[in-house]
Amino acid sequence: MPTEILLPKLGFSMNEGVLSEWLVADGGAVTAGEPLFALESDKSTQEVEAPASGTLKILKQIGETYPVGTILGEIL
């Protein structure tokens, strides 16, 4: 069963964020705990770690703003 990669809430007042960069290519191998993508909020840019190990399937494109909880991709 795939593991969903959700846009996390990084701060108390955060409602959305910009997916600024995927750090692993689509179809690439992912290891749990390694940086997976960069997320920009109003106050900072942070790297978000992979929640599981497997193969990355990207569903959302960089440079776009998404609400907290959006499924950005899956780890198969």
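Please read these numbers as outputs of a predicted model, since none were measured by experiment.
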Look at the side-chain heavy atoms of Ile, Leu, Val, Met, Phe, Trp and Tyr, link any pair under 4.5 Å apart, and say whether [X] and [Y] land in one connected group.
{"X": "Leu10", "Y": "Val68", "value": "yes"}
{"X": "Tyr66", "Y": "Met14", "value": "yes"}
{"X": "Ile71", "Y": "Val48", "value": "no"}
{"X": "Val18", "Y": "Leu39", "value": "no"}

Which pair of non-hydrogen atoms, one from [X] and one from [Y], has the smallest distance, and what is that distance?
{"X": "Leu76", "Y": "Pro2", "answer": "CD2-CB, 3.6 Å"}
{"X": "Lys9", "Y": "Phe12", "answer": "CE-O, 3.1 Å"}
{"X": "Val30", "Y": "Ala52", "answer": "CG1-O, 3.6 Å"}
{"X": "Pro51", "Y": "Leu36", "answer": "CD-CD2, 4.4 Å"}
{"X": "Leu59", "Y": "Glu74", "answer": "CD1-CG, 4.0 Å"}
{"X": "Phe37", "Y": "Leu19", "answer": "CD1-CD1, 3.6 Å"}

Working to the nearest 0.5 Å, report the span between [atom1] of [X] and [atom2] of [Y].
{"X": "Ile75", "Y": "Thr3", "atom1": "CD1", "atom2": "OG1", "result": "6.0 Å"}
{"X": "Ser41", "Y": "Asn15", "atom1": "OG", "atom2": "CG", "result": "11.0 Å"}
{"X": "Glu40", "Y": "Thr45", "atom1": "CD", "atom2": "OG1", "result": "4.0 Å"}
{"X": "Glu16", "Y": "Leu7", "atom1": "CD", "atom2": "CG", "result": "9.5 Å"}

| said: Could you walk me through whether Thr70 and Leu6 satisfy the side chain to side chain contact (heavy atoms under 4.5 Å, CB included) test, starting with their C-alpha distance in whole Å, then the side-chain angles of each, then the deciding distance to 0.1 Å, before giving a yes or no? | reply: CA-CA 5 Å; Thr70 298; Leu6 304 176; over 6 Å; no
